[in-house]
Amino acid sequence: MKNLWRLTMVAVCALMLTACSDDDNNPTPPDDGDTPKTTTGVYVISQGNIYSSIDGALTYYNPLNSDNTTRIFASANGRALKGTPNNGLVYGSKLYIACTDENLIEVADAKTAKSIKQIPLQGARRIIADGGYLYATSFFGNVVAKIDTAELAVVQTVETGTYPEGMAVMDGKLYVANSGYGYGNTVSVINLADFTAEEPLTVPTNPIDIYNCGGTLYLRTSGEYNSDIFTYEVNPAIYMLRDGTSTYLADATICAAGKDCLYFIDDNYYKDAKTFGRIKLSDNSIEPLRLDYGGVPHPFAIAEEPTTGDIYITSYSDVVYAGDIHAADYNSDGYCVRFDKDGRHLDQFVVGVSAGAIIFF
């Protein structure tokens, strides 16, 4: 559910087939790569399936002993994560989860997942942290909200393009990918010093994810659909943004920034096979990501653990329909597979439905 259009089409197709610091006044910024820290916990946010009335879920996993709890938020709070939890992060002592269809950001204790507060935000979609503040996109409100992490409240908003998604911070500016519900072609540029919008960048259609990798911006788009809306005129892809120019690098439907590379998966429905790869940040060359385990038939998210370089990939479970048709199961729990940096299988654990965000802390 990277965008609502895709979620709608998934539901239609499925029907067709079946008929940091503890001081939050000065929270510790995310690791910049210069000061290694040990990851002792992993959270995986699963979006659920709103069309099938399946709640979202928060899974906890300990990479040191493989202990995991699939619905730790529900266990800690006596209620499930609802409203399509799309994204989140741990910042300071707290865990923040953006719940798009519930129009709020859930704030919880990072160690226990016990809810502390809910911050109202229309269509809360993505979250990023910088300089003691959170920044969250409002998918339905077409703004970015600035959130005070001590007061746990929105203190400012600024307009973006329509249906904003992912963000990146670079050189004192916040860059926001404006998906336009599949038709956008801009990245908003917001000066963080006075929280005002500058002239936006023009980019390829349907931008979703944006990353600051060593002072260079990279963008992933979800592609440009043909008039039949079932095929692509322009495939989902990764681009480098530099000097106002977008340079194509690789086709990709899933992407994540690592320390020295961009990981990507191309699982385009209209291609015969999926591709796993890495783009080296040093020269933008592409190399295959060879995994020694084929247990990720329907990947949904990928991430690199920052100190060990371990690779985590979430997947839908596989369901077989009449005629031996294999497809993603949008109504059953999926799983997350852990590999070492060389692609050797280490472990896997159960997660909820549509596991789209992986958080290391």
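Along the sequence shown, residues carry numbers from 1.
Looking at Arg126, its side chain never comes within 3.5 Å of a backbone N or O of Tyr135 through a donor-acceptor pair. Ser315 places no side-chain N or O within donor-acceptor distance of the main-chain N or O of Val296, the cut-off being under 3.5 Å. A distance-only check finds no donor-acceptor pair linking the side chain of Asn86 to the backbone of Arg125 [under 3.5 Å]. Looking at Thr137, its side chain never comes within 3.5 Å of a backbone N or O of Val144 through a donor-acceptor pair. The backbone N or O of Lys114 lies less than 3.5 Å from no partner atom in the side chain of Asp109, so there is not a single donor-acceptor pair. A distance-only check finds a donor-acceptor pair linking the side chain of Thr59 to the backbone of Thr70 [under 3.5 Å]. Judged by distance alone, the side chain of Asp340 and the main-chain N or O of Asp310 form no donor-acceptor pair under 3.5 Å. Using a distance-only test at 3.5 Å, with no hydrogens or angles considered, a donor-acceptor pair links the side chain of Ser138 to the main chain of Gln122. A donor-acceptor pair under 3.5 Å is formed between the side chain of Asn206 and the backbone N or O of Gly223. Within the 3.5 Å criterion, the main-chain N or O of Asn331 finds no donor-acceptor partner in the side chain of Ser52.
With 3.5 Å as the limit, one finds a donor-acceptor pair spanning the side chains of Thr231 and Asn226. Inspection of the Gln348 and Tyr293 side chains reveals an N or O donor paired with an N or O acceptor under 3.5 Å. At a cut-off of 3.5 Å, with distance as the only test, a side-chain donor of Thr307 or Glu305 sits close to an acceptor on the other residue. Between the side chains of Asp251 and Asn268, no donor N or O sits under 3.5 Å from an acceptor N or O. A side-chain donor-acceptor contact under 3.5 Å links Tyr61 and Arg338. A donor atom on one side chain and an acceptor atom on the other are not found under 3.5 Å apart for Thr253 and Arg220. Between Asp194 and Thr196, the side chains place a donor N or O and an acceptor N or O closer than 3.5 Å (distance only, hydrogens not considered).
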Between Tyr239 and Thr247, is a side-chain contact (heavy atoms from CB on, under 4.5 Å) present by the stated rule, with each step listed? CA-CA 5 Å; Tyr239 299 84; Thr247 302; 6.0 Å; no
Take Ser354 and Asn49 through the test side-chain hydrogen bond (donor to acceptor under 3.5 Å, both in side chains) and record every step on the way to the result. CA-CA 7 Å; Ser354 301; Asn49 184 339; over 6 Å; no
Val187 and Ile210: side-chain contact (heavy atoms from CB on, under 4.5 Å), yes or no, with the steps? CA-CA 9 Å; Val187 167; Ile210 189 165; 3.9 Å; yes
Under the side-chain hydrogen bond (donor to acceptor under 3.5 Å, both in side chains) rule, what do Ser66 and Asp347 come out as? Steps first, then yes or no, please. CA-CA 8 Å; Ser66 297; Asp347 198 9; 2.8 Å; yes
For side-chain hydrogen bond (donor to acceptor under 3.5 Å, both in side chains), just list the numbers for Asn142 and Thr162, CA-CA rounded to whole Å, side-chain angles, deciding distance to a tenth of an Å, and then say yes or no. CA-CA 5 Å; Asn142 303 325; Thr162 58; 5.3 Å; no
Before giving the answer on ring-ring contact (aromatic ring centres under 6.0 Å, His included), spell out for Phe349 and Tyr335 the whole-Å C-alpha distance, their side-chain angles and the decisive distance to 0.1 Å. CA-CA 5 Å; Phe349 53 96; Tyr335 49 91; 9.6 Å; no
Test side-chain contact (heavy atoms from CB on, under 4.5 Å) on Leu64 and Thr40; report intermediate values, then the result. CA-CA 7 Å; Leu64 302 180; Thr40 56; 4.2 Å; yes
Full working for side-chain contact (heavy atoms from CB on, under 4.5 Å) between Tyr175 and Lys173: CA-CA 6 Å; Tyr175 293 85; Lys173 295 182 180 182; 3.9 Å; yes
Residue pair Asp266, Lys274: steps toward the salt bridge (charged side-chain N to carboxylate O under 4.0 Å, His left out) verdict: CA-CA 5 Å; Asp266 186 34; Lys274 61 179 65 66; over 6 Å; no
Intermediate values then yes/no, ring-ring contact (aromatic ring centres under 6.0 Å, His included), Tyr232 and Tyr270: CA-CA 8 Å; Tyr232 289 108; Tyr270 311 108; 5.8 Å; yes
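A salt bridge links Arg71 to Asp333: at least one charged side-chain nitrogen sits closer than 4.0 Å to a carboxylate oxygen.
Taking OG1 from Thr84 and CD1 from Ile50, the interatomic distance works out to 4.0 Å, rounded to the nearest 0.5 Å. With values rounded to the nearest 0.5 angstrom, His345 atom NE2 is found 6.0 Å from Phe339 atom CZ. Within the model, atoms CG of Asp130 and OH of Tyr133 stand 11.0 Å from one another, a figure rounded to the nearest 0.5 Å. Expressed to the nearest 0.5 Å, how far OH of Tyr60 lies from CG of Asn68 amounts to 9.5 Å. Considering NE2 of His298 and OG of Ser317, their distance stands at 8.5 Å, rounded to 0.5 Å. Rounding to the nearest 0.5 Å places CG of Leu241 at 11.0 Å from CG of Asn212.
In this structure, Lys271 places its NZ atom where more than 12 heavy-atom neighbours from other residues, nucleotides or ligands lie under 6.0 Å away. For CG of Asp171, the number of neighbouring non-hydrogen atoms (other residues, nucleotides, ligands) closer than 6.0 Å is 12 at most. Crowding of Asp228 atom CG: a count of heavy atoms from other residues, nucleotides or ligands under 6.0 Å exceeding 12.
Tyr312 has its ring centre less than 6.0 Å from the ring centre of Phe360.
For the salt bridge (Lys or Arg N to Asp or Glu O under 4.0 Å) criterion with Glu106, the lone passing option out of Lys82, Lys117, Lys94, Arg79 is Arg79.
The other residues sharing a hydrophobic cluster with Ile238 are Tyr211, Tyr218, Met240, Leu249, Leu262, Phe264, Ile279, Leu281, Ile286, where clustering joins ILVMFWY side chains under 4.5 Å apart. The hydrophobic side chain of Leu104 is isolated, with no ILVMFWY side chain under 4.5 Å apart from it.
Classification of the Phe139-Tyr181 ring pair by plane angle, with boundaries at 30° and 60°, yields tilted.
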